[in-house]
Peer 1: 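Sharing a structure below in structure tokens format, with a few things to ask.
The structure presented is a predicted model; accordingly, all values stated were derived computationally and were not measured. Note on naming: letters A, B, ... go to the chains in the order of the sequence lines (proteins, then strands), and numbering restarts at 1 for each one.
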2 protein chains.
Amino acid sequence: MKSAAKALSEDTSETGAQQIRDAIRDAIVERRLSPGTKLSESDVGNLFNVSRTLARAALQALSYEGLVSVETNRGAFVAYPSPEEARQIFSARRLVEPGILREAAARITPIDIKRMKELLLEEGRLMSERGQTARRAEIKASGDFHLMLAEVSGNAIMQRFMEELVARSSLVIALYGQSTASSCGHSEHGDIISAIETKDLDRACQLMLHHIAHIEADLDLRERKSLGLKEAFEL
Amino acid sequence: MKSAAKALSEDTSETGAQQIRDAIRDAIVERRLSPGTKLSESDVGNLFNVSRTLARAALQALSYEGLVSVETNRGAFVAYPSPEEARQIFSARRLVEPGILREAAARITPIDIKRMKELLLEEGRLMSERGQTARRAEIKASGDFHLMLAEVSGNAIMQRFMEELVARSSLVIALYGQSTASSCGHSEHGDIISAIETKDLDRACQLMLHHIAHIEADLDLRERKSLGLKEAFEL
DNA sequence: GACGGTTAAATTGTATACGATTTTTTGCAC
DNA sequence: GTGCAAAAAATCGTATACAATTTAACCGTC
């Protein structure tokens with residue numbers, strides 16, 4: 001199943017750099033690429049059989065989304081969000097997601113609700129499965145719930161912003177997540193849908209805020225400053 | 001006075017493409033470049049005495065911010081937001097600005113308030129002046145109010161998002177604004193600050209929503225579909 | 001003079017080339 | 001061996017080159 005993100009608004013066939021960007025983004029979001037990994041332009045180019053020009057453009061694009069950090073004269077790395085950055089990402093989500101939810105609820109159709117329930121089912125199914133691929137699909141599906149809400153809201157700008165926030169959240173969870181089953185809050189997605197169905201928007205927003213708080217609560221946002229080389233052995 | 005946007009968070013000296021990007025962005029936001037204007041890579045490169053490579057990178061960057069639209073094999077143009085896009089931009093602002101305001105109010109210091117009042121004064125001064133440059137500075141100052149609020153909120157992610165929204169709003173106003181004195185809502189900025197000072201957050205949010213509504217109300221968001229070539233003379 | 005098709009000019013998409021900066025390796029003294 | 005300086009390799013920043021596509025010009029026909 002394709003990401004909900006791409007479901008609409010991507011009409012033009014993607015040109016080279018965009019394809020590479022999307023491929024790398026998927027790899028980052030699905031955590032096949034770890035934070036901090038060096039992404040050299042030549043390597044990326046060779047990997048996709050294109051010149052450094054396109055590889056560079058793709059990396060540049062990812063840096064605008066906050067998934068890659070490019071350092072002058074040093075190259076590009078998979079972003080390694082700081083605890084402070086992580087806090088800001090979730091703060092931003094708490095700020096926008098209730099609003100998105102309200103707009104989505106105002107426009108949601110029975111077909112949308114059906115699609116979302118299907119997504120939920122898929123998510124649950126993946127949770128019970130074993131293996132790396134299932135785990136990755138589960139990560140993606142869990143994010144897709146939030147993206148689909150943004151899609152239903154009908155605001156392309158908020159949708160793009162949510163795509164960025166969800167992608168960066170995935171990075172944060174990869175770095176600071178504690179419980180292996182990070183998407184423990186799966187049932188919460190269902191609760192939110194139910195609240196939307198019964199038009200209880202205040203409750204839906206409340207649930208959404210709790211849901212985000214739960215994800216954040218599973219993080220250990222302590223400064224891991226590489227332990228300064230001294231402290232690492234001073235025990 | 002530099003844009004509030006750059007006041008913080010820009011530590012690294014900017015590399016070529018970024019300087020060009022910023023220069024073009026300023027030109028767009030200050031409405032020296034009209035929506036729809038073609039931005040050919042060669043021309044941009046010549047103008048800044050750099051190769052097409054850098055010009056292209058700058059244009060690419062601007063397209064991620066929604067200020068420039070690049071069409072495959074056709075080139076880059078100053079964005080020409082559709083009425084629907086315009087509505088979404090303001091919808092997004094209504095969605096996020098109250099939240100930003102609340103966060104800002106929670107962290108605001110007397111120094112911040114002083115800075116904002118100075119900005120207000122500057123804005124008022126520019127409004128009374130004549131001439132293109134004063135008008136452009138006024139446009140920028142009017143946006144800087146909203147950006148400074150985002151800056152005070154302490155969330156770099158929301159700040160960047162607001163920068164995008166304010167810049168794109170400027171484009172929309174350039175296209176669809178009716179009253180020449182588009183920043184008639186200057187006094188509303190002062191009211192919002194007052195409400196923040198007295199810790200009346202609900203009122204501040206209310207004022208903010210009205211303020212955004214006022215800006216939007218000044219727009220004539222009717223589909224100007226270039227009048228279809230037939231209708232243009234069929235009168 | 002208007003229309004349609006062919007050719008020429010301009011512009012974009014991508015690759016390659018080269019100087020500059022960073023990183024790694026090498027080699028030497030201690 | 002350890003530490004440091006210099007050379008070599010790798011990598012980035014930017015410019016140029018060439019193929020592909022679009023846009024403009026040209027020109028004969030009706």
Side-chain angles (χ1 to χ4, degrees), chain A residues 10-24 27-28 33-80 226 229-230 232-233, chain B residues 10-25 28 33-80 226 229-230 232-233:
Chain A
E10 299 229 1
D11 42 354
T12 62
S13 72
E14 308 189 323
T15 173
Q18 277 159 310
Q19 273 179 280
I20 297 168
R21 165 174 64 83
D22 291 346
I24 298 179
I28 294 177
L33 281 168
S34 308
T37 304
K38 171 91 190 265
L39 301 171
S40 105
E41 297 177 355
S42 320
D43 289 355
V44 172
N46 291 341
L47 192 57
F48 292 94
N49 287 103
V50 296
S51 74
R52 257 186 61 215
T53 306
L54 291 191
R56 186 183 175 83
L59 293 171
Q60 209 57 33
L62 287 166
S63 98
Y64 293 121
E65 304 178 25
L67 292 183
V68 157
S69 89
V70 305
E71 297 174 34
T72 311
N73 276 323
R74 279 186 32 83
F77 306 82
V78 178
Y80 196 107
S226 80
L229 174 63
K230 301 284 175 58
F233 300 95
Chain B
E10 297 229 2
D11 42 355
T12 62
S13 72
E14 306 188 324
T15 175
Q18 278 159 308
Q19 273 179 279
I20 297 168
R21 164 175 61 83
D22 291 346
I24 298 179
R25 184 189 9 230
I28 294 177
L33 281 170
S34 309
T37 305
K38 172 92 191 263
L39 300 172
S40 102
E41 297 176 355
S42 320
D43 290 354
V44 172
N46 292 341
L47 192 56
F48 292 94
N49 288 104
V50 296
S51 74
R52 256 185 61 214
T53 307
L54 291 191
R56 185 182 175 85
L59 293 171
Q60 208 60 29
L62 287 166
S63 97
Y64 293 122
E65 304 177 23
L67 293 184
V68 159
S69 90
V70 304
E71 296 173 36
T72 309
N73 276 324
R74 282 188 27 86
F77 306 82
V78 178
Y80 197 107
S226 80
L229 175 63
K230 300 282 173 60
F233 300 94

Peer 1: What nucleotide among C:dA15, D:dG13, D:dT14 has an atom nearest to a side-chain atom of B:S51?
Peer 2: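 Selected nucleotide (nearest to the side chain): D:dT14.
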
Peer 1: With a 3.5 Å cut-off and heavy atoms only, can you find an N or O donor on one side and an acceptor on the other between the side chain of A:R52 and the base of D:dG13?
Peer 2: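 Side chain to base: pair found, below 3.5 Å.
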
Peer 1: Just how far is it from atom CD of B:E71 to atom OG of B:S63, taken to the nearest 0.5 Å?
Peer 2: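 OG of B:S63 is found 11.5 Å from CD of B:E71.
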
Peer 1: Go nucleotide by nucleotide along DNA chain C from the 5' end; which of B:L39 and A:T53 gets its closest nucleotide reached first?
Peer 2: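 This one resolves to B:L39.
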
Peer 1: Which of these nucleotides, C:dA15, D:dT11, D:dT22, is closest to any side-chain atom of A:K38?
Peer 2: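 The answer is D:dT11.
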
Peer 1: Reckon A:S40 touches a base, only the sugar-phosphate, or nothing at all at heavy-atom distances under 4.0 Å?
Peer 2: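 The answer is sugar-phosphate, as A:S40 gets under 4.0 Å only of primed atoms, P, OP1 or OP2.
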
Peer 1: Tell me, which of residues 54-66 of chain A have any heavy atom that sits under 4.0 Å from an atom in DNA chain D?
Peer 2: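 Output list: A:R56.
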
Peer 1: Is there side-chain contact between A:I24 and A:L67, with at least one heavy-atom pair below 4.5 Å?
Peer 2: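 No, side chains not in contact.
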
Peer 1: Roughly how many Å is it from CD1 in A:I20 to C1' in C:dG13, rounded to a whole number?
Peer 2: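 Between C1' of C:dG13 and CD1 of A:I20: 13 Å.
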
Peer 1: For B:A55, check side-chain contact (heavy atoms from CB on, under 4.5 Å) against everything at least two apart and list the hits.
Peer 2: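 B:A55 satisfies side-chain contact (heavy atoms from CB on, under 4.5 Å) with B:V44 once adjacent residues are dropped.
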
Peer 1: Taking the side chain as every heavy atom from C-beta outward, state whether B:L33 and B:L39 have any pair of such atoms under 4.5 Å apart.
Peer 2: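 Yes, at least one pair of side-chain atoms sits under 4.5 Å.
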
Peer 1: Kindly indicate whether the side chain of B:R25, heavy atoms from C-beta on, has any atom under 4.5 Å from the side chain of B:E65.
Peer 2: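 In contact.
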
Peer 1: Can you tell me the distance, in whole Å, between the CD atom of B:E41 and the P atom of C:dT12?
Peer 2: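 B:E41 atom CD is separated from C:dT12 atom P by 5 Å.
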
Peer 1: Whole angstrom is fine here: how far is it from CD in B:E71 over to C1' in D:dT21?
Peer 2: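 Between C1' of D:dT21 and CD of B:E71: 14 Å.
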
Peer 1: Provide, to the nearest angstrom, the distance between the CZ atom belonging to A:F48 and the P atom belonging to C:dT14.
Peer 2: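 Nearest whole value for this atom pair: 15 Å.
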
Peer 1: Is the shortest side-chain heavy-atom distance between B:L47 and B:D43 below 4.5 Å?
Peer 2: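 Result no, sub-4.5 Å side-chain heavy-atom pair not found.
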
